[in-house]
Amino acid sequence: MHTSRSWDFLGMDYRQPNGLLAKAKYGDGTIIGVIDTGVTPESASFADTGYDPPPKKWKGICQVGPSFEAISCNRKFIGARWYIDDEILSSISDNEVLSPRDVEGHGTHTASTAGGNIIHNVSFLGLAAGTVRGGAPRARLAIYKACWSGYGCSGATVLKAMDDAVYDGVDVLSLSIGGTKEDVGTLHVVANGISVVYAGGNDGPIAQTVENQSPWLVTVAATTIDRSLPVVITLGNGEKLVAQSFVLLETASQFSEIQKYTDEDTVKGKIAFCFMGEMLNNKQQTSYPDVTTAVAAKGGRAVILPLFYTETILQDDPIITDLDIPFIFFKPDIAAPGVSILAAAQIPYYKGVSYHFDSGTSMACPHVAGIIAGVALWGRATAPQPMGWWWAAGGAREIEIGRRRGDRNALTYDNNGMPIQANGRVQKIADPFDYGAGFVNPVMAADPGLIYDITASDYLKFFNCMGGLGSGDNCTTAKGSLTDLNLPSIAIPNLRTFQAMTRTVTNVGQVNAVYKAFFQAPAGVEMAVEPPVLVFNKNRRVQSFRVTFKATRKVQGDYRFGSLAWHDGGSHWVRIPIAVRIRRHDDADVVTGSHHDMLASVLGSKEVALESIVYSYRHSFSGFAARLTEAQASTIRDVISVRENQIHRLHTSRSWDFLGMDYRQPNGLLAKAKYGEDIIIGVIDTGITPESPSFADDGYGPPPSKWKGVCQVGPSFKAKSCNRKLIGARWYIDDDTLRSMSKDEILSPRDVVGHGTHTASTAGGNIIHNASILGLAAGTVRGGAPRARVAMYKTCWNGVGCSAAGQLKAIDDAIHDGVDILSLSLGGPFEDPGTLHVVAKGIPVVYSAGNDGPIAQTVENSSPWLLTVAAATMDRSFPVVITLGNNDKFVAQSFAISGKTSSQFGEIQFYEREDCSAENIHNTVKGKIVFCFFGTKFDSERDYYNITKATSEKGGIGVILPKYNTDTLLGDTLLTLPIPLVAVDYEITYRIYQYIKENDGTPKVKISLTQTTIGKVSAPKVAAFSSRGPSYIYPGVLKPDIAAPGVTVLAAAPKAFMDAGIPYRFDSGTSMSCPHVSGIIAVLKSLHPQWSPAALKSAIMTTALTYDNNGMPIQANGKVPKIADPFDYGAGVVNPNMAADPGLIYDIEPSDYFKFFNCMGGLGSADNCTTVKGSLADLNLPSIAIPNLRTFQATTRTVTNVGQANARYKAFLYTPAGVEMTVDPPVLVFSKEKKVQSFKVTIKATGRPIQGDYSFGSLVWHDGGIHWVRIPIAVRIVIEEIYSKIS
């Protein structure tokens, strides 16, 4: 039995006579100081049986108080102090005790995890029974109580505790606490040779939330371990589902009726089940204990609810809150176990138990502290002379971070040989911002081979530290670049062209050794190491090397990751992580100055240069435009190029140009397809604005002869509202809708919301020149198929939404009317069976994927016969420049089109954390710019718009706030605000915050007017709001299918906007990406009228792009940025030019769907097209999804050659991690007579059967020419038939 599973999982088995712990004497003699909530001295984890007196160096005391006497300390628990001031005293909880006594249990838990005794026969109410212990079980412990129930941890008391700990003689300090600001005192602890270990914070999985970031600290992230606590849910039909929870009560003996959750008494004797449906988003989190308590109070027996992950659930809270029934839920430097950790409890505790579960980086931190305590002693005892104790604070930090085992057991791979995953609402492969260098490996850390050591004086070179703690001693402000600080990691946040840095390593392994460099360069950069080989001997134990990075891409980028490893040919792989972000010229004035200097060298003087220059390009790249003769231009040197000015056409509909569909190309795709002439696009939406120029019928002939539709009239919509472009309109309403809709709605096809007008014009709107929105993005706007005909079916009403009954009737009418395509930018938690019958009529149906991203399992409209569209960004941006009073400049995105902020500096009015709300904005903001700093508690989004409106009403002239991304911000609402609202990331937020705090005078800022730039940012990226897969209804169908532009799309506006002089407006959402694909389908259908809906879908998916305009893997935006995978964008981002000639297609006859679904071809009561008959693996989709791979699975696909008649295609496999994949036959040969061929894909799980996460790959057929026919693959290995993904 193994309770302390975390230590065994780390390879620190206390029973091994020659293991690491035995060699380190179990940490005997090392003193661990813990700054926390106190301690419970009675716990067996702190008993002193068998201990000698404390080490001679110990100078600490045992400070007494109520419930804590001098005898509370002993030879194990050798010291205790407590710290309080008047402010704390007035705020602490009533149950607090003015002594080192722990009333919360946090300090007891962390101290026992770091250095608690070996205790046998332990469990928590029978769970996880076995042996519990600390990482250094023979270490001595000292507690410093600086944290109090009801108050928290005072920075002043923590600093005093550190000062005392240094005096007392601790070897390691463990602090499972944190905050938004750094503690300058910690450097002085490290300067005394004491390793300081901090928790990384619990605000994940959001980016830029790590706390305790100072480089001299060891900052610890939290991970899971390989222990699970499964429960089996058995349904009445015999189906079994596996999840995780603590079920300690008798619910297993009999079946209970399922009751949909209500607060009524009808739940008595039943099990309550909650289905959140479309509420599965990041806006609200259900209070699970409250729901469970309510159900228990009404006599219910249990609760089953959905949850994205269980890390924070599997601890004592579900039990301690006296739930009478069970409930079930489906910077850092280094990572360590921090989930469901069993350790000592305070007294009294629930039902008298002595050990309890807890989760958090607070639990991960003492794991590393315990490892350092053990390894430090072993290193001190065995270090080669004359080096003495080389485990200085810097060295101890390095061995945790920099050590890497061979590839087979690398710390960045899990126990199944797969890359470590990062859990959260957005699941992804972990990177250094999640776990630092990786998962701690104490056994290998004891013999690292090389270390990256740092002395205290090294830190003082890089920071404004004078070695004391005077008023000017600010160790959180860097003097300059930190790149040469000898850290066992490299981070370059602003790589413009080239950067070099030096690192120094010390050999602590075999005296004579040769290490060779192996590096994995971050994408987008070239990397070199000089020298590439390091030779060590007795006289040469320390060596330096130089690492250089060169940007190979020219556009603004995101962080990319790599590594550098030194290998001695044996057991030592000394690896450090690398993070690089390409950025271009933050300081615009410096760039402009360089332009003036360059021109002055050509023209003879700076005055002439100033007269000559026309524009200085400063923000996204460095360059200028100037009036020069050819002779003068020819003399300019040291630039990439010199070109004569050209006149270009304006382009507003950037999305279509970005997709390569230029309407001006006489031989382009649009011209070949006659611009979608006479294809009829049906749009089911909120109605339409017939007056828009996008729907004018100048130059159009009569509607196609097959058209049978009508123009249904009503208020503000007459028969003449339809024309030869807008050829039909209908509207659908029922009594429920009529009672609930907004008062401004109109009972006709008239669009009062603007949604339908926008989507219809995006799909098939006319080519309109000289369009813009208040001067932004000026140029030409159009639809994807600008000569297509449009028919509107209004089923969605303001204030109500879209009735499924009305939608089904609209679908039925659209088939009768003769539409060629149906576009639906709407959705819900359930599937619509009627859509299959539309597809059976040969009409492609395109749906939006939903806007509940970036959370997993939120994709909507996932039926396999639909084309489901995710949203992506494009390469157009709207930069503004924020200039601080010290002339620091930052580039953000916003719509600042007028106002005082661009011409003059305004004083900054600062609001912090919860004070930043509309209610707290007061009259003092008059003439000022409001800036808000929220710290690291970033889970809740602030009300940006009302804060800005309140600021304007009180006379403020601008607002600057932090936000993770601007995907949903850059819309019309921003333009309606009377003053600029600028969102910046949290890195820039902190730099502005530092400027305010360090400014001796009045802090000021200036916001420039917005520009419109094209091609200067990495794109496309999957939008943060775009819903993600996998589908919870059809796990065997990979969704979404495709991504298309859906962020800040300019298209036709409703009449209210037109009356205000704004005929075109911005909007964002998968509602905007959906009509992009509908327009493309219209173009493809014009080229290939014989293609089925499945063939059109296949062509779009198999030719999709997975790389951005910078040649880099497409990113997915969100609070956790990551490389996109098929659950973000399906097959990739749509590529219409290649889709027109896909080479091969995966076709599906409508009857094929009936083989796999309970559909009888009608819409009778038993016709349930959402119920699957069996496995979907053999449905001929242009994707493969296997959600439950146990050992082996084979699937068949069939392709049809639609390219050159005689063709030979070869298979190229990109196998998902953890499986073997084969294709038979590996070569397909087509001829005039043999246009259709089938092949078999076999996928086999490798390694031992461990419950896994999804991994991704692809299968590509290539003809040796232009055709690369690619389908995405998603595979999850399971040990149960159906296993909750969050387990």
Side-chain angles (χ1 to χ4, degrees), residues 650-656 683 685-696 716-717 721 725-726 742 744-746 749-783 786 790 792 796 798 825 874 876-878 880 893-899 902 944-945 948-949 952 966-982 1009-1014 1045-1069 1071-1072 1075-1076:
L650 295 167
H651 40 52
T652 290
S653 289
R654 179 59 194 168
S655 57
W656 294 114
V683 180
D685 215 296
T686 61
I688 199 162
T689 304
E691 299 87 354
S692 173
S694 291
F695 309 120
S716 298
F717 203 95
S721 297
K725 172 71 174 181
L726 176 59
S742 298
D744 62 345
E745 260 293 6
I746 300 173
R750 166 71 58 184
D751 185 9
V752 299
V753 177
H755 191 272
T757 301
H758 199 283
T759 58
S761 66
T762 300
N766 293 323
I767 298 171
I768 305 297
H769 302 289
N770 301 315
S772 75
I773 178 167
L774 300 178
L776 292 174
T780 299
V781 70
R782 65 179 177 86
V790 175
M792 174 57 65
C796 303
N798 192 20
S825 290
M874 48 185 158
R876 181 175 60 197
S877 59
F878 301 94
V880 297
Q893 282 203 76
S894 186
F895 297 150
I897 56 176
S898 63
S902 63
Y944 298 100
Y945 300 111
T948 307
K949 287 179 180 177
S952 175
T966 56
D967 290 348
T968 56
L969 187 69
L970 295 176
D972 295 340
T973 309
L974 202 60
L975 287 165
T976 65
L977 294 173
I979 58 175
L981 164 61
V982 181
L1009 296 181
T1010 299
Q1011 300 176 16
T1012 302
T1013 64
I1014 301 293
V1047 178
T1048 319
V1049 175
L1050 193 70
K1055 195 169 188 302
F1057 277 71
M1058 294 181 68
D1059 292 343
I1062 304 174
Y1064 293 89
R1065 68 182 187 97
F1066 288 128
D1067 209 349
S1068 297
S1071 286
M1072 283 65 247
H1076 275 87

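- The shortest heavy-atom contact between Arg750 and Phe717 is N-CD1, 3.8 Å.
- Note that OG1 of Thr759 and CE of Met1072 are 6.5 Å apart. Values are rounded to the nearest 0.5 Å.
- Between the side chain of Ser952 and the main chain of Thr948, no donor-acceptor pair closer than 3.5 Å is present.
- Side-chain atoms of Val790 and Ile688, non-hydrogen and from C-beta on, do get closer than 4.5 Å to each other.
- In plain terms, the two heavy atoms of Met792 and Ala760 that are nearest each other are CE-CB, 4.1 Å.
- Here the closest non-hydrogen pair linking Gly756 and Thr686 is N-OG1, 2.8 Å.
- Summarising the geometry, atom OH belonging to Tyr1064 is positioned 7.5 Å from atom CE belonging to Met1058; distances are rounded to the nearest 0.5 Å.
- Residues satisfying the side chain to side chain contact (heavy atoms under 4.5 Å, CB included) test with Ser1068, not counting sequence neighbours, are Phe1025, Val1047, Thr1048.
- For the side chain to side chain contact (heavy atoms under 4.5 Å, CB included) test, residues two or more places apart in sequence or in another chain that qualify with Asn798 are Ser742, Asp744, Glu745, Val752, Val753.
- Remark: the backbone N or O of Ala1052 is not paired with any side-chain donor or acceptor of Thr757 at under 3.5 angstrom.
- Checking Thr689 against Asp751 by side-chain atom types alone, no donor-acceptor pair falls below 3.5 Å.
- Of the possible polar contacts, none joining the Ser772 side chain to the Ala778 backbone as a donor-acceptor pair under 3.5 Å is found.
- Across Ser694 and Lys725, no two heavy atoms sit closer than the pair O-CE, 3.8 Å.
- In this structure, the side chain of His758 engages the main chain of Arg1065 through a donor-acceptor pair within 3.5 Å.
- Here OG1 of Thr780 is found 7.0 Å from CG of Asn770. Values are rounded to the nearest 0.5 Å.
- Two residues are said to be in side-chain contact when any heavy atoms from C-beta on lie closer than 4.5 Å; Pro1075 and Val683 fail this criterion.
- Atoms CD1 and CD1, from Ile773 and Ile1062 in turn, are 5.5 Å apart once rounded to the nearest 0.5 Å.
- Here the closest non-hydrogen pair linking Val880 and Ser894 is CG1-O, 3.9 Å.
- The CE atom of Met874 sits 8.0 Å away from the CD1 atom of Ile1014 when rounded to the nearest 0.5 Å.
- Below 30°, between 30° and 60°, or above 60°: for Phe878 and Phe895 the angle between ring planes is above 60°, a perpendicular geometry.
- Taking OG of Ser1071 as the reference point, atom NE2 of His755 lies at 3.0 Å (rounded to 0.5 Å).
- With hydrogens and angles ignored, the 3.5 Å screen pairs a side-chain donor or acceptor of Asn766 with a backbone N or O of Pro693.
- Counting all heavy atoms, side chain and backbone alike, Pro1045 lies closest to His1076 at O-ND1, 3.2 Å.
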